[in-house]
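Single-structure report; data block below.
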Amino acid sequence: MRDETPSAPTDDSAPGDGLVRAGAIVFVVGAVATLVTVAPLFLGTDPFPTVAYLVSMLMGVGFLIAGAGVLRSIAAGRRRARAVQAAAAQPR
């Protein structure tokens, strides 16, 4: 049983994971704001102030942040692959 339990916690996070998580949170906030600002159109009530429409722009910002995290993760994977390939190509 002792062999099955890791002695130290493993950190499986890639370099862009934090940006992807942050981007997802910002995207969800923007999506909720978009739903809230569109609701008065269907309910026949007065529209929200301009600030509510500006907050709905966070949906696109969150998408860009998450995309940057994906690109950062891809770049880190390529660097790791190049390092492995360079190590394997060196004569012993």
Side-chain angles (χ1 to χ4, degrees):
M1 289 301 260
R2 188 176 288 206
D3 295 335
E4 295 176 9
T5 306
S7 60
T10 58
D11 186 20
D12 293 339
S13 63
D17 285 352
L19 282 174
V20 172
R21 285 188 192 111
I25 292 169
V26 172
F27 181 86
V28 168
V29 169
V32 169
T34 300
L35 290 174
V36 168
T37 54
V38 171
L41 298 174
F42 296 112
L43 299 175
T45 60
D46 292 333
F48 286 103
T50 306
V51 175
Y53 291 97
L54 294 176
V55 173
S56 68
M57 296 293 175
L58 288 177
M59 200 162 77
V61 173
F63 187 75
L64 289 175
I65 292 171
V70 169
L71 292 176
R72 185 173 179 196
S73 179
I74 290 170
R78 285 185 176 181
R79 282 192 298 271
R80 273 193 307 265
R82 280 192 209 120
V84 168
Q85 190 176 20
Q90 290 188 1
R92 294 181 185 179

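Quick caveat: nothing in here was measured; it's all calculated off a predicted structure.
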Smallest separation among heavy atoms of [X] and [Y], with atom names:
X: Y53; Y: F48; value: CE1-O, 3.4 Å
X: V55; Y: A33; value: CG1-CB, 3.6 Å
X: T37; Y: S56; value: OG1-CB, 4.4 Å

Shared ILVMFWY cluster between [X] and [Y], side chains joined below 4.5 angstrom?
X: F63; Y: M59; answer: yes
X: I74; Y: V20; answer: yes
X: M57; Y: V36; answer: no
X: V32; Y: L54; answer: no

query = Are the side chain of S73 and the backbone N or O of G69 linked by a donor-acceptor pair below 3.5 Å?
reply =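 No.
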ask   = To the nearest 0.5 Å, what is the distance between CD1 (I65) and CG (L58)?
value =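 Rounded to the nearest 0.5 Å, the CD1-CG separation comes to 8.5 Å.
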